[in-house]
Amino acid sequence: MDVEGYIALHTNRYSVPVDWIGRRVESARNKDRIEIQLDARRLVAHRRVAEAEHQRIMLAGHRHSWPISGLSRFDP
């Protein structure tokens, strides 16, 4: 996961909630969906974007403002 709260799968980046930044997550995918899990109770699901490359996919609930204390904005 990067410091902006995205995980990279293939060439696309999928968002996670801002309070997950810096924590270890697990991810799984199938042909239609990406699932990102923090623990047994917290799971985020995205529609898989297979036809586009180098996209950032953000769910509305994952938006945040910068600066976040202790983190700097970074775009790889």
Side-chain angles (χ1 to χ4, degrees):
M1 178 183 328
D2 65 21
V3 298
E4 291 185 335
Y6 290 90
I7 67 160
L9 292 171
H10 300 286
T11 63
N12 294 319
R13 295 167 63 200
Y14 296 86
S15 67
V16 298
V18 68
D19 60 326
W20 292 17
I21 294 174
R23 302 186 64 192
R24 186 180 197 126
V25 297
E26 302 269 336
S27 64
R29 66 184 182 277
N30 63 32
K31 66 178 186 142
D32 300 317
R33 187 171 150 122
I34 303 291
E35 292 182 344
I36 307 162
Q37 188 166 4
L38 177 64
D39 57 33
R41 294 176 293 149
R42 292 179 276 189
L43 174 81
V44 169
H46 286 270
R47 182 181 61 82
R48 185 172 181 188
V49 179
E51 67 278 355
E53 293 184 343
H54 306 290
Q55 300 295 309
R56 284 187 193 196
I57 297 86
M58 178 182 281
L59 297 178
H62 299 169
R63 297 187 190 281
H64 51 271
S65 301
W66 288 95
I68 297 172
S69 179
L71 297 177
S72 60
R73 189 175 181 114
F74 175 71
D75 191 21

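All values derive from a computational prediction rather than experimental measurement.
Of the candidates H54, E4, Q55, R13 forms a side chain to side chain contact (heavy atoms under 4.5 Å, CB included) with just one, namely E4.
Counting all heavy atoms, side chain and backbone alike, E53 lies closest to N12 at C-OD1, 3.4 Å.
Considering only heavy atoms from C-beta on, L43 comes within 4.5 Å of E35 through its side chain.
Rounding to the nearest 0.5 Å places CZ of R56 at 7.0 Å from CG of D2.
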Indicate every side-chain donor-acceptor pair of residues 14-31 with a distance under 3.5 Å to a residue at least two apart or in another chain.
{"unit_1": "Y14", "atom_1": "OH", "unit_2": "V49", "atom_2": "N", "d": "3.2"}
{"unit_1": "S15", "atom_1": "OG", "unit_2": "L59", "atom_2": "N", "d": "3.0"}
{"unit_1": "S15", "atom_1": "OG", "unit_2": "H62", "atom_2": "ND1", "d": "2.6"}
{"unit_1": "R29", "atom_1": "NE", "unit_2": "H10", "atom_2": "NE2", "d": "3.2"}
{"unit_1": "N30", "atom_1": "OD1", "unit_2": "D32", "atom_2": "N", "d": "2.8"}
{"unit_1": "N30", "atom_1": "OD1", "unit_2": "R33", "atom_2": "N", "d": "2.8"}

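Listed by chain and number, the residues in a side chain to side chain donor-acceptor pair (under 3.5 Å) with Q37 amount to none (sequence neighbours excluded).
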